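Data block below; observations after.
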Amino acid sequence: MNPIFLPPPPPFSFIPFPPPIPISVPPPPLYCRPPPDHILPAISTSIHWNKPPPGFVKLNTDASYKYNCQRSSIAGVCRDEDGIWMFGFSSRVQSGSSFEAELMAVREALKLAWDKGLRRVILESDSESVVNRIRNQTIRQPKNQMEEIILECQGYGSRAWSCLIQHTRREGNFAADALTKKLASESFDLHVWNHPPESLSLILLADMIGMEVPRHGGLDKNQIAQLKVMKRELLARNLHWY
């Protein structure tokens, strides 16, 4: 039997790949260029009073407590959706703490709003603890006067009306704060202001135009000067903002 010889395979031809093309990488910058200003988020540190939504009124309340005599003054300001004055109130009260005085201001504001037939109300207080206690505390049997006031405020909140109680910063509550210092008398009788006192005119104008004030601050000299010019122009045109 003769052996079978297979032909040898063809020679393997190696085709090398072309060498890689070097890539030029620029060196890293020594600093990062900041993004354009319009990309950075705007952080506002200013606050202003906000008008209520259409159809609502806004009640701002405040209290001033005197530790040495346990005598406080409470006040509230009610304005409509355009920032127009509807009524205000102020009174002296006997209270054992600033917390209790703030509570009494909220109760009086709710009572007046209900008695005047207002049914779409936003109430603001700059006491966050008062707002949280009214909204969250469950009281079945009040043990002291403060719990009685909280329960009374909660009772107003559950009536047949739209009533929201919320917290605001002090800078958004200047009108009520100013009214605590403007008492009609030294008696404990409640005084209802159908027209605002003249001393509140610039504050009310600043609130109406949404003038911002810095956190933990107040209206500066330039803002007050601007408001005085606006006030003179409005009065010259027989236009009133409150």
Side-chain angles (χ1 to χ4, degrees), residues 46-52 56-66 71-93 98 101-102 104-113 115-118 121-127 168-242:
S46 299
I47 304 170
H48 62 85
W49 181 79
N50 293 298
K51 296 177 182 178
F56 278 80
V57 301
K58 178 172 282 189
L59 267 164
N60 288 84
T61 66
D62 202 5
S64 176
Y65 175 70
K66 295 184 178 180
R71 178 179 293 185
S72 304
S73 57
I74 63 172
V77 173
C78 183
R79 286 167 283 186
D80 65 11
E81 62 191 64
D82 297 315
I84 302 297
W85 180 281
M86 297 185 67
F87 68 88
F89 70 88
S90 60
S91 175
R92 289 202 181 279
V93 295
S98 59
E102 295 277 4
M104 297 172 79
V106 172
R107 177 183 62 181
E108 198 60 54
L110 292 172
K111 181 179 184 303
L112 280 170
D115 291 345
K116 287 179 175 293
L118 303 174
V121 175
I122 297 174
L123 188 145
E124 289 184 339
S125 168
D126 59 13
S127 174
T168 185
R169 299 288 189 185
R170 183 185 67 87
E171 296 80 8
N173 208 39
F174 278 157
D177 174 73
L179 199 56
T180 62
K181 303 171 178 61
K182 188 70 177 178
L183 297 174
S185 68
E186 292 296 318
S187 72
F188 290 87
D189 296 331
L190 180 74
H191 180 78
V192 177
W193 301 83
N194 293 318
H195 302 283
E198 174 64 23
S199 58
L200 267 68
S201 60
L202 294 184
I203 295 175
L204 295 174
L205 181 56
D207 285 350
M208 177 173 286
I209 64 175
M211 181 173 284
E212 295 186 342
V213 294
R215 184 77 175 102
H216 305 298
L219 296 171
D220 59 33
K221 293 181 180 180
N222 292 333
Q223 289 175 314
I224 293 174
Q226 179 185 352
L227 290 169
K228 287 181 178 179
V229 171
M230 293 179 64
K231 178 181 176 180
R232 286 196 297 268
E233 293 176 351
L234 290 171
L235 292 177
R237 298 165 60 188
N238 200 27
L239 297 175
H240 296 275
W241 60 98
Y242 58 83

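Everything numeric in this text was worked out from a predicted model, so none of it was measured. The basis for the numbers below is simple: all heavy atoms, side chains too, and nothing from hydrogens, waters or symmetry mates.
Across all their heavy atoms, V77 and W85 have their closest contact at CG1-CZ3, 3.6 Å. In plain terms, the two heavy atoms of P52 and E81 that are nearest each other are CG-CA, 3.7 Å. Here the shortest heavy-atom pairing between A176 and A75 reads O-CB, 3.8 Å. Pairing each heavy atom of I47 with each of G172, the nearest pair is CG2-N, 4.2 Å. Here the closest heavy-atom approach between residue L59 and residue C78 is recorded as CD2-CB, 3.5 Å. Residues F188 and R92 come closest through the heavy atom pair CD2-O, 3.1 Å.
H48 places none of its side-chain heavy atoms less than 4.5 Å from the side chain of D207. By the 4.5 Å heavy-atom criterion applied to side chains, F89 and E108 are counted as neighbours. Looking at Y65 and V93, their side chains never come closer than 4.5 Å, going by heavy atoms from C-beta outward.
In this structure, the side chain of D220 engages the main chain of Q223 through a donor-acceptor pair within 3.5 Å. The main-chain N or O of T180 is found under 3.5 Å from a side-chain atom of S73 such that the two form a donor-acceptor pair. Using a distance-only test at 3.5 Å, with no hydrogens or angles considered, no donor-acceptor pair links the side chain of T168 to the main chain of E124.
Checked against salt bridge (charged side-chain N to carboxylate O under 4.0 Å, His left out), E171 has the following partners two or more places apart in sequence or in another chain: R215. Not counting sequence neighbours, the partners of K111 by the side-chain hydrogen bond (donor to acceptor under 3.5 Å, both in side chains) test are D115.
In this structure, CZ on R79 lies 10.0 Å from CD1 on I84, to the nearest 0.5 angstrom. Between the CD1 atom in I203 and the CZ atom in F174 there is a gap of 7.5 Å [rounded to 0.5 Å]. Between I74 atom CD1 and S64 atom OG the span is 11.5 Å, to the nearest 0.5 Å. Rounding to the nearest 0.5 Å gives a distance of 10.5 Å between CE of M230 and CG of L202. Atom CZ of R107 is separated from atom OG1 of T61 by 12.5 Å, given to the nearest 0.5 angstrom. Summarising the geometry, atom CG belonging to L179 is positioned 11.0 Å from atom OG belonging to S91; distances are rounded to the nearest 0.5 Å.
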message = Apply side chain to side chain contact (heavy atoms under 4.5 Å, CB included) to residues V106 and L123 and explain how you reach the verdict.
response = CA-CA 8 Å; V106 172; L123 188 145; 3.9 Å; yes
request  = Could you please spell out the steps behind the side chain to side chain contact (heavy atoms under 4.5 Å, CB included) verdict for M211 and Q226?
outcome  = CA-CA 11 Å; M211 181 173 284; Q226 179 185 352; 3.8 Å; yes
key: Worked verdict on N50 versus K58 for side chain to side chain contact (heavy atoms under 4.5 Å, CB included)   = CA-CA 9 Å; N50 293 298; K58 178 172 282 189; 4.0 Å; yes
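A side-chain N or O of W49 and one of N60 form a donor-acceptor pair less than 3.5 Å apart.
Taking a cutoff of 4.0 Å between a charged side-chain nitrogen and a carboxylate oxygen, D62 and R170 do not qualify as a salt bridge. For the pair E198 and K231, the salt-bridge criterion is met [side-chain N within less than 4.0 Å of a carboxylate O].
A cation-pi arrangement is absent between K182 and W193, since the terminal nitrogen or guanidinium carbon is not both under 6.0 Å from the aromatic centre and inside a 45° cone about the axis.
Within 6.0 Å of the NZ atom in K228, the count of heavy atoms belonging to other residues, nucleotides or ligands does not exceed 12.
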